[in-house]
Amino acid sequence: KFLLMSNFVMAETIPTKYKILKQSNDCIKNSQTKVCKKLVSEIEKLQLIVFDQNNFKCQSSLLGLQSEIIETSFLKNFSNKRNSFMIPYVIKNC
């Protein structure tokens, strides 16, 4: 698990890559809005961590995954996607 330090007072646990990928796949296939909203926020936190590590390929892949989740979960009328295009890139680059 990744750890994000906030003001050196409290730490927030970020889910493992496996958990993020599984939840992302579930969101893209089932569009559970509440779960997907939380996941978008968790991916954002992870993006900040990999940015600080100068891992820009991973950050870009996470951003793409986040975009897919937003598109399939919140713009249901505009998308008929059922499989993620970005998950393989997150696996490869992160």
Side-chain angles (χ1 to χ4, degrees):
K1 295 189 177 200
F2 297 96
L3 213 52
L4 174 64
M5 298 301 287
S6 175
N7 295 333
F8 300 103
V9 177
M10 60 169 130
E12 186 174 346
T13 303
I14 304 297
T16 61
K17 182 170 85 169
Y18 171 79
K19 186 176 179 183
I20 286 178
L21 293 173
K22 173 142 181 29
Q23 287 178 341
S24 297
N25 196 37
D26 292 345
C27 281
I28 290 167
K29 288 184 177 182
N30 300 324
S31 297
Q32 301 169 354
T33 305
K34 186 176 181 180
V35 173
C36 297
K37 279 184 180 181
K38 183 177 179 194
L39 182 60
V40 167
S41 177
E42 290 174 348
I43 293 172
E44 186 71 28
K45 293 172 190 172
L46 187 53
Q47 278 190 61
L48 293 173
I49 292 170
V50 297
F51 171 78
D52 288 340
Q53 297 169 350
N54 293 326
N55 190 348
F56 302 117
K57 283 185 179 183
C58 179
Q59 184 186 17
S60 297
S61 299
L62 290 169
L63 181 60
L65 181 59
Q66 211 175 19
S67 298
E68 277 188 340
I69 292 168
I70 291 168
E71 179 184 5
T72 59
S73 298
F74 306 108
L75 303 175
K76 295 174 194 165
N77 297 333
F78 300 104
S79 176
N80 57 4
K81 259 194 239 182
R82 289 295 180 204
N83 291 315
S84 173
F85 177 76
M86 291 305 301
I87 285 178
Y89 290 99
V90 173
I91 292 169
K92 177 184 175 188
N93 295 322
C94 299

Let me confirm one number: the [atom1]-[atom2] distance from [X] to [Y], rounded to the nearest 0.5 Å.
X: Ile49; Y: Cys58; atom1: CD1; atom2: SG; answer: 10.0 Å
X: Leu46; Y: Ser41; atom1: CG; atom2: OG; answer: 11.5 Å
X: Lys17; Y: Ile91; atom1: NZ; atom2: CD1; answer: 6.5 Å
X: Ile87; Y: Leu65; atom1: CD1; atom2: CG; answer: 6.0 Å
X: Asn25; Y: Ile20; atom1: CG; atom2: CD1; answer: 13.5 Å

Sole candidate of Leu21, Val50, Leu62 that passes side-chain contact (heavy atoms from CB on, under 4.5 Å) when paired with Cys94: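 Considering Leu21, Val50, Leu62, a side-chain contact (heavy atoms from CB on, under 4.5 Å) with Cys94 is found only for Leu62.
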
Suppose clustering is done on Ile, Leu, Val, Met, Phe, Trp and Tyr with side-chain heavy atoms closer than 4.5 Å. Which residues sit in the same group as Leu63?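 Leu63 shares its hydrophobic cluster with no other residue.
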
Linking directly or through intermediates, with side-chain heavy atoms under 4.5 Å: list the remaining ILVMFWY members grouped with Tyr18, chain and number order.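 None; Tyr18 is a cluster of one.
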
Show every ring-ring contact (aromatic ring centres under 6.0 Å, His included) that has at least one partner inside residues 35-55, sequence neighbours left out.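 The answer is Phe51-Phe56.
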
Determine which pairs satisfy side chain to side chain donor-acceptor pair (under 3.5 Å) with at least one residue from residues 56-66, sequence neighbours left out, and list them in order.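 Applying side chain to side chain donor-acceptor pair (under 3.5 Å) to every pair that reaches into residues 56-66, excluding sequence neighbours, yields Glu44-Gln66, Gln47-Gln66, Ser61-Asn93.
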
Which residues satisfy the side-chain hydrogen bond (donor to acceptor under 3.5 Å, both in side chains) test with Lys22, sequence neighbours excluded?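 side-chain hydrogen bond (donor to acceptor under 3.5 Å, both in side chains) check on Lys22 returns Asp26.
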
Between Tyr89 and Phe85, which heavy-atom pair has the shortest distance, and what is it?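 Closest pair (atom of Tyr89, atom of Phe85, distance): CD1-O, 3.5 Å.
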
Salt bridge (Lys or Arg N to Asp or Glu O under 4.0 Å) involving Lys19 - partner list, sequence neighbours excluded: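 Checked Lys19 against salt bridge (Lys or Arg N to Asp or Glu O under 4.0 Å); zero matches.
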
Side chains of Ser24 and Ile43: does their closest heavy-atom pair fall under 4.5 Å?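 Ser24 reaches Ile43 side chain to side chain.
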
